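No experiment lies behind these values; they were computed from the predicted model shown.
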Amino acid sequence: MTSRKRLTPEESRSSALEAARGLLIETGPQSVTLKAVAARIGRTHANLLHHFGSASGLQKALAEHLARTVCETIIEAVRASRAGLGSAREVVDLAFDAFDREGAGALTSWMLLTGNEDALHPIIETIHELVDEIAPEEADHQSNDMRVHRDTLSLVLLALGDALIGGALAKSLSLPRDAARARAQDMLEASLAEYQ
């Protein structure tokens, strides 16, 4: 009989979130259950209930984890772009990959379809915090120029839509698979050029 390594509460929670993220990417949001995550990390259903309270709590924590991870990466790309070390396309690719390959688009649609809209708050709040950090002059919403807010809204909506139906729609319109990314890049570059 093998004994399980005792994890700290933080390690146990982190391990569960990484397993949930893996399930999300591999088999979709419907597979992110307490039972499936517990099986993947060799823990009990009760252990995960202790950490997350419910499947809904796990999904909300996963949304927060994804949002934080992705936004940290995006903010670094934005800083690099502003320093002349990166490009608008890198920012676009990170946003689109977050919703597509990282599973945020599938998780978002699942939360909406199952009526668990509260689980979306961490994603929305993290994006809001990201925008406030990138454009502190817009944070008080008193500025006439809300460019970063508008660009962020457009970029997130394009990335989400692309994650959900972009491949099929591009194919049906005889466009390259990355057509939405290219449009987002054009939009972001035009916006940046306008304020340089």
Exercise for the section: Please list, chain by chain and in numerical order, all residues satisfying side chain to side chain donor-acceptor pair (under 3.5 Å) with Thr114, sequence neighbours excluded. Expected result: none
Problem - Qualifying side-chain hydrogen bond (donor to acceptor under 3.5 Å, both in side chains) pairs with a residue from residues 102-113, counting only residues at least two apart or across chains - result: Arg21-Glu102
Problem - Residue pairs, two or more places apart or on separate chains, that pass side-chain hydrogen bond (donor to acceptor under 3.5 Å, both in side chains) and touch residues 163-174 - result: none
Distance-only criterion, 3.5 Å: show the donor-acceptor pairs between side-chain atoms of residues 153-162 and protein atoms not counting sequence neighbours.
residue: Ser154; atom: OG; partner: Arg150; partner atom: O; Å: 3.2
residue: Asp162; atom: OD1; partner: Arg177; partner atom: NH1; Å: 2.8
residue: Asp162; atom: OD2; partner: Arg177; partner atom: NH1; Å: 3.3
residue: Asp162; atom: OD2; partner: Arg177; partner atom: NH2; Å: 3.4

Exercise for the section: For Arg68, check side chain to side chain donor-acceptor pair (under 3.5 Å) against everything at least two apart and list the hits. Expected result: Glu129
Practice task
With the side chain counted from C-beta on, respond yes when Phe52 and Leu17 share a heavy-atom pair under 4.5 Å apart, and no when they do not.
Solution key: yes
Problem - Exceeds 12 heavy-atom contacts within 6.0 angstrom, atom NE2 of His50 - result: no
Completion exercise
Residue set satisfying side-chain contact (heavy atoms from CB on, under 4.5 Å) with Asn47, at least two apart, ordered chain then number -> Ser12, Arg43, Thr44, His51
Exercise for the section: For Ala39, enumerate each residue passing the side-chain contact (heavy atoms from CB on, under 4.5 Å) test, keeping only those at least two apart in sequence or located in another chain. Expected result: none
Fill in the blank from the handout: By side-chain contact (heavy atoms from CB on, under 4.5 Å), Ser54 pairs with (sequence neighbours left out) Ser56
Problem - Side-chain H-bond candidate by donor/acceptor type, His121 with Glu64, under 3.5 Å - result: no
Completion exercise
Gln185 meets the side-chain contact (heavy atoms from CB on, under 4.5 Å) criterion, sequence neighbours left out, with Arg89, Val92, Glu189
Completion exercise
Residues passing the salt bridge (Lys or Arg N to Asp or Glu O under 4.0 Å) test with Glu133, sequence neighbours excluded, are Arg79
Completion exercise
Contacts of Ser14 meeting side chain to side chain donor-acceptor pair (under 3.5 Å) (sequence neighbours excluded), chain-then-number -> none
Problem - Residues which pass side chain to side chain donor-acceptor pair (under 3.5 Å) with Gln30, listed by chain and number, not counting sequence neighbours - result: none
